[in-house]
Amino acid sequence: MTDTSPASFGYAATLAKLKHQVRAARFTAQRRVNTELIRLYWGIGSTILQRQGAEGWGSNVIGRFATDLRTEFPEMKGFSRSNLFYMRRVAAAWPEEEVVQQLVGQLPWGHITVLLDRLDDRELRDWYAGQALTYGWSRNVVEHHIRISAHTRLEAAPSNFADVLSAGESDLAQQITKDPYVLDFLALGGDAKERQLEQALVDRIIDTLRELGEGFAFVGRQVHFDVDGDDFYVDLLFFHVEQLRYVVIELKTGKFKPEYLGQLGFYDVEAEYLGQLGFYVALVDDKLRRAQHAETVGLLLVADKNDAVVRYSLGAHQTPIGVASYDLLPPAVQAALPSEADLAAALTSDVDPDSPVVGAH
């Protein structure tokens with residue numbers, strides 16, 4: 001039987017406070033341990049770097065140091081030859097002695113080794129270090145964002161948030177969008193159908209959430225709503241746990257068309273605007289949103305778009321909507337592929353019928 005006396009409520013509140021203090025102290029202790037570890041590693045790397053410069057020692061001395069340090073401190077991990085090379089690289093990349101006061105000095109060691117392996121430019125390393133700290137990126141997430149060149153994709157998706165949301169709300173909503181979204185992890189070609197794309201995003205939901213960004217939680221696919229006997233289905237529904245708002249995502253595999261946003265007030269079971277985004281945003285906002293939630297927003301993902309057309313189209317809508325494109329292949333791979341014009345020219349050019357077919361096996 002649950003004790004509901006006033007004393008029990010006081011105990012529960014006190015216990016909750018004590019738990020918070022323990023968690024806070026544990027987190028602080030972990031941060032201090034990490035800080036001291038980074039300070040130690042930087043110091044070892046700096047010493048090796050200095051002595052190599054002064055004595056002319058080659059790289060073999062690092063292996064010798066690794067062996068001797070492991071012998072002296074067998075209970076400590078991290079003194080492998082490869083890790084000592086990382087220590088030396090850290091000292092060379094961030095020569096300032098107070099490295100722990102910099103952004104990179106607050107990251108776990110594994111994150112730092114990723115920055116060293118993947119990036120040559122210090123400014124970029126510091127940018128990714130700052131993002132990792134701000135958004136709590138794991139090591140794998142850091143690698144993912146470096147691979148897709150997240151630093152070049154700072155543009156938020158075009159939207160009408162500033163026109164239909166309050167100033168503070170519009171800024172927050174804009175922060176959870178970007179343009180484009182890189183969906184290369186789906187391993188789909190450009191001719192994939194919308195349902196295929198939708199299913200692939202759900203099948204790879206962890207990668208999908210990673211690409212959407214921090215704070216997104218998956219609610220469901222083809223989420224059903226009954227509106228006075230008519231059935232409607234939202235493609236993909238997410239909830240942003242930091243901003244406390246639903247995010248409706250619709251997919252279109254073609255180029256953006258103004259009618260994709262729909263026209264509120266005109267809906268018929270067979271109508272062209274049945275599944276369009278504006279209606280679904282209003283529907284989710286009405287049916288699911290609670291008093292403590294921020295306004296629902298919609299995000300339309302299209303294969304291609306004309307930003308000027310998007311802006312004109314968004315101006316006619318009072319529901320908060322953003323429009324972003326998606327890429328199914330990394331930019332470097334896309335750049336290496338022939339354009340439509342190249343393919344058309346190849347198909348229409350004269351070909352020697354006796355010549356071998358290019359790429360035939």
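Residues take their numbers from the sequence shown, with the count starting at 1. For the numbers below, each heavy atom of this structure counts, side chains included, while hydrogens, waters and symmetry mates do not.
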Item to complete: Identify, with sequence neighbours excluded, every residue that meets ring-ring contact (aromatic ring centres under 6.0 Å, His included) alongside Tyr41.
Response: Trp109
Discussion item. Counting the benzene-type ring for Trp, do His111 and Tyr128 have ring centres under 6.0 Å apart?
Written reply: no
Discussion item. I'd like to check the side chain to side chain donor-acceptor pair (under 3.5 Å) partners of Asn140; sequence neighbours left out, ordered by chain and number.
Written reply: none
Item to complete: Start with the C-alpha gap between Leu301 and Lys252, add the side-chain angles, then the distance that decides, and say whether side-chain contact (heavy atoms from CB on, under 4.5 Å) holds.
Response: CA-CA 6 Å; Leu301 298 185; Lys252 295 294 180 182; over 6 Å; no
Fill in: Side-chain donor/acceptor of Asn160 to backbone N/O of Asp163, under 3.5 Å
no
Practice prompt. Inspect the surroundings of CD in Glu123 and state if more than 12 heavy atoms from other residues, nucleotides or ligands are less than 6.0 Å away.
Written response: no
Worksheet, complete the sentence: Applied to residues 37-59, the salt bridge (Lys or Arg N to Asp or Glu O under 4.0 Å) test, sequence neighbours excluded, yields Glu36-Arg39, Arg39-Glu98, Arg51-Glu55
Item to complete: Could you state whether Val33 and Ile112 fall into the same hydrophobic cluster, counting links through intermediate Ile, Leu, Val, Met, Phe, Trp or Tyr residues with side-chain heavy atoms under 4.5 angstrom apart?
Response: no
Item to complete: For residues Glu295 and Val164, determine if any side-chain heavy atom of one lies less than 4.5 Å from a side-chain heavy atom of the other.
Response: no
Item to complete: Mind checking ring-ring contact (aromatic ring centres under 6.0 Å, His included) for Phe218 and listing every partner two or more places apart, or none if nothing turns up?
Response: Phe238
Worksheet item: Does any non-hydrogen side-chain atom of Leu237 lie less than 4.5 Å from one of Tyr280?
Response: no
Fill in: Main-chain N/O of Val142 paired to His145 side chain as donor or acceptor, under 3.5 Å
no
Discussion item. Suppose we screen for ring-ring contact (aromatic ring centres under 6.0 Å, His included). Which residues come up paired with His20, at least two apart in sequence or across chains?
Written reply: none
Worksheet item: Under 3.5 Å, is there a donor-acceptor pair between the side chain of Thr208 and the main chain of Leu201?
Response: yes
Practice prompt. Would you mind listing every salt bridge (Lys or Arg N to Asp or Glu O under 4.0 Å) that reaches into residues 234-248, with sequence neighbours excluded?
Written response: Glu169-Arg245
Discussion item. Please report the interatomic distance CG(Leu277) to CG(Leu283), rounded to the nearest 0.5 Å.
Written reply: 11.5 Å
Discussion item. Let me confirm one number: the CG-CG distance from Leu69 to Asn83, rounded to the nearest 0.5 Å.
Written reply: 11.5 Å
Discussion item. Working note: Gln199 + Asp203, criterion side chain to side chain donor-acceptor pair (under 3.5 Å); need CA distance, chi angles, decisive distance, verdict.
Written reply: CA-CA 6 Å; Gln199 183 63 56; Asp203 290 342; 2.8 Å; yes
Discussion item. Just to verify, what does Asp126 make a salt bridge (Lys or Arg N to Asp or Glu O under 4.0 Å) with, not counting sequence neighbours?
Written reply: Arg122
Discussion item. According to a hydrophobic-cluster definition based on side-chain heavy atoms being under 4.5 Å apart (Ile, Leu, Val, Met, Phe, Trp, Tyr only), do Leu244 and Leu172 belong together?
Written reply: no
Discussion item. Between Lys178 and Glu211 (salt bridge meaning N to carboxylate O under 4.0 Å), is one present in this structure?
Written reply: yes
Practice prompt. Go through the structure and list residues passing side chain to side chain contact (heavy atoms under 4.5 Å, CB included) with Thr296, not counting sequence neighbours.
Written response: Tyr246, Val248, Val281, Val284, Asp285, Arg289
Item to complete: State whether a side-chain donor-acceptor pair under 3.5 Å links Ser159 with Gln174.
Response: yes
Discussion item. Could you report the tightest heavy-atom contact between Val323 and Ala157, atom names first, then the distance?
Written reply: O-CB, 3.6 Å
Fill in: Inter- and intrachain pairs under salt bridge (Lys or Arg N to Asp or Glu O under 4.0 Å), touching residues 310-321, at least two apart
none
Worksheet item: Do the side chain of Asp179 and the main chain of Ser325 share a donor and acceptor less than 3.5 angstrom apart?
Response: yes
Worksheet entry | Pairs where residues 67-95 contributes a residue and the test salt bridge (Lys or Arg N to Asp or Glu O under 4.0 Å) is met, not counting sequence neighbours | Arg89-Asp117
Fill in: Verify same cluster id: Val247, Ile206 (apolar side-chain graph, 4.5 Å)
yes
Discussion item. Any heavy-atom pair between the side chains of Pro108 and Arg139 that's under 4.5 Å?
Written reply: no
Practice prompt. Measure the spacing between OG1 of Thr35 and CG of Leu107 and express it to the nearest 0.5 Å.
Written response: 10.5 Å
Fill in: For Leu103 against Gly130, the heavy-atom pair lying closest together
CD1-CA, 3.8 Å
Item to complete: Answer yes if the side chains of Glu198 and Gln222 hold a donor-acceptor pair under 3.5 Å, and no otherwise.
Response: yes
Worksheet entry | Non-neighbouring partners of Ala91 that pass side chain to side chain contact (heavy atoms under 4.5 Å, CB included), sequence neighbours left out | Trp42, Ser46, Leu49
Discussion item. Could you check whether any side-chain heavy atom of Leu236 comes within less than 4.5 Å of a side-chain heavy atom of Val202, counting everything from C-beta outward?
Written reply: yes
Fill in: Donor-acceptor contact below 3.5 Å, side chain Thr67 vs main chain Gly63
yes
Discussion item. Under the rule for ring-ring contact (aromatic ring centres under 6.0 Å, His included), what residues qualify as partners of His240, not counting sequence neighbours?
Written reply: Phe216
Discussion item. Minimum heavy-atom separation for Gly105 and Ile38, please, with both atom names.
Written reply: O-CG1, 3.9 Å
Worksheet item: For the ring pair His224 and Phe232, is the centre-to-centre distance below 6.0 Å?
Response: no
